[in-house]
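Here's the structure, in structure tokens; my notes come after.
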2 protein chains.
Amino acid sequence: MAENYSNGGGQVGQSLRPRCPAPFLLKTYDLLEEGGVADGSGGKIVSWNGDGSGFIVWSPAEFSDLTLPRYFKHNNFSSFIRQLNTYGFKKISSKRWEFKHEKFQRGCRDMLVEITRKKGEPSVFPSYLKSSSEENATTSNSMEENNNNSHQLLMEENKNLKKERLELQMQIAEFKSLEMKLLECLSQVMDNHQNKSRRQC
Amino acid sequence: MAENYSNGGGQVGQSLRPRCPAPFLLKTYDLLEEGGVADGSGGKIVSWNGDGSGFIVWSPAEFSDLTLPRYFKHNNFSSFIRQLNTYGFKKISSKRWEFKHEKFQRGCRDMLVEITRKKGEPSVFPSYLKSSSEENATTSNSMEENNNNSHQLLMEENKNLKKERLELQMQIAEFKSLEMKLLECLSQVMDNHQNKSRRQC
DNA sequence: GGGAATATTCCC
DNA sequence: GGGAATATTCCC
């Protein structure tokens, strides 16, 4: 299963431009590039449209059953559509499943990074309460910066230690279960052995 | 694949008591009831604890690989833990993966409906503006003091983590040597066994 | 442990 | 098509 579509990480919750397109976009792009993939009888399941400005799902049923689960954690056509809508794609034909997004074009995988989710602003709070977050640390003096820096490092180390701890704990759990199995195995072999010896007498 | 854990529907977004427990809770309950399910060699992977007031994941590795994907759309132990935390479960042993929730008890599937997600109130302030420790508004007027304090705490935590790591590593070393001994013992017993059998012929 | 982003589901 | 809940991931 293709699960190498992580977002690269590093800037969760920031409003900076991400280095990587959303996994959903990459997967959708790639499943189109995978291209020729055909159903059992040679017909295309999904493909770019003529000029590569959009794509067409020729067979939603096969697309759901065969294509979706290879890229996503589901096989529901509606969930796929929901994602398309979330990212601002438009259905451009009432006759067939054809979708477009200005920044989603054949040959332009690099442009995907321009596509963003339509975020349903929590809307409870007026936007002026949201700080823009960039450009607010511009004038810290050196000591603060220093503090901040070592603080940063400590947090980093801390985080890594916790990750390591989890891994070690899991290793230990495995050892415990392995030990149990070995002991059982041993006792079985010995039982077996004893039985045979007894039969010999 | 068991996908019959829909929430019954009808009241999305309402704050009324739902008729059905969250799918996550039902699945977790059911995978425990499925009960006896064992790994390849008869050891339990996961089970209720002694009095049914909580449950224990005996083998995180097998639990992730074998159990999780049969109930969820993933095989990550951490995602499972994340959900437990979301629903307010507590890890009640530092020595093993044992979790409890007041309303999650053996034989009380009906009580699951009482368990709700902790909803992260859509707080007005971005999280990075929140200071990490509780009760820091007391009187630490100077921000420096505050900095110092959290720095202190971080260092303390760091130290403890390293100590813990050492202990875990030592435990692992012991397990390794134990494993070796067991394997040797096993092979000896089997050799011995085989010799006798041969002499018999 | 938990905040927050993305993914999936469910419903209007 | 989209709002909103739950699920999964990623990060602190």
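Protein chains get the first letters and strands the later ones, always in sequence-line order, with residue 1 at the start of each.
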- Query: Where the side chain of B:Pro23 is concerned, which of C:dT8, D:dT6, C:dT6 is the nearest nucleotide?
  - Reply: D:dT6
- Select one nucleotide: of D:dT9, D:dA7, C:dG1, the one nearest the side-chain heavy atoms of B:Lys91. C:dG1
- Message: What contact category does B:Phe80 fall into here, base, sugar-phosphate, or nothing, at under 4.0 angstrom with non-hydrogen atoms?
- Response: nothing
Expressed in angstrom and rounded to an integer, what is the separation of [X] atom [atom1] from [N] atom [atom2]?
| X | N | atom1 | atom2 | result |
| --- | --- | --- | --- | --- |
| A:Gln83 | C:dT9 | CD | P | 10 Å |
| A:Phe89 | D:dG2 | CZ | C1' | 16 Å |
| A:Asn85 | D:dG1 | CG | P | 6 Å |
| B:Lys100 | C:dG1 | NZ | C1' | 19 Å |
| A:Tyr87 | D:dG1 | OH | C1' | 17 Å |
| B:Phe77 | D:dT9 | CZ | P | 14 Å |
| A:Arg117 | D:dG3 | CZ | C1' | 13 Å |
| A:Phe24 | C:dT8 | CZ | P | 9 Å |

May I ask you to decide whether [X] forms a salt bridge with [Y], counting only side-chain N to carboxylate O separations under 4.0 Å?
| X | Y | result |
| --- | --- | --- |
| A:Glu33 | A:Arg109 | no |
| A:Lys44 | A:Glu34 | no |
| B:Asp51 | B:Arg106 | no |

- Both distances under 3.5 Å, Watson-Crick or G-U wobble: on that basis, could you give the dot-bracket string for DNA chain C, with [ ] for crossing pairs and | for other-strand partners? ||||||||||||
- For the ring-ring contact (aromatic ring centres under 6.0 Å, His included) test, which of A:Phe55, A:Phe99, A:Phe104 pairs with A:Trp48? A:Phe104
- Query: With B:Trp97, which of B:Trp58, B:Phe77, B:Phe63 fulfils ring-ring contact (aromatic ring centres under 6.0 Å, His included)?
  - Reply: B:Phe77
Compare side-chain N and O positions of [X] against OP1 and OP2 of [N] and report whether any pair is under 4.0 Å apart.
| X | N | answer |
| --- | --- | --- |
| B:Asn76 | D:dT9 | yes |
| B:Lys118 | C:dG2 | yes |
| A:Tyr5 | D:dT9 | no |
| A:Lys73 | C:dT9 | no |

- So, do B:Ile115 and B:Leu112 sit near enough that their side-chain heavy atoms are less than 4.5 Å apart? yes
- Message: With a 6.0 Å cut-off on the ring centroids, do B:Tyr5 and B:Phe24 count as close?
- Response: no
- Map A:Lys90 and B:Ser78 onto DNA chain D by nearest heavy atom, then report which one ends up closer to the 5' terminus. A:Lys90
- Query: Is a donor-acceptor contact shorter than 3.5 angstrom present between the side chain of A:Arg82 and the base of D:dG1?
  - Reply: no
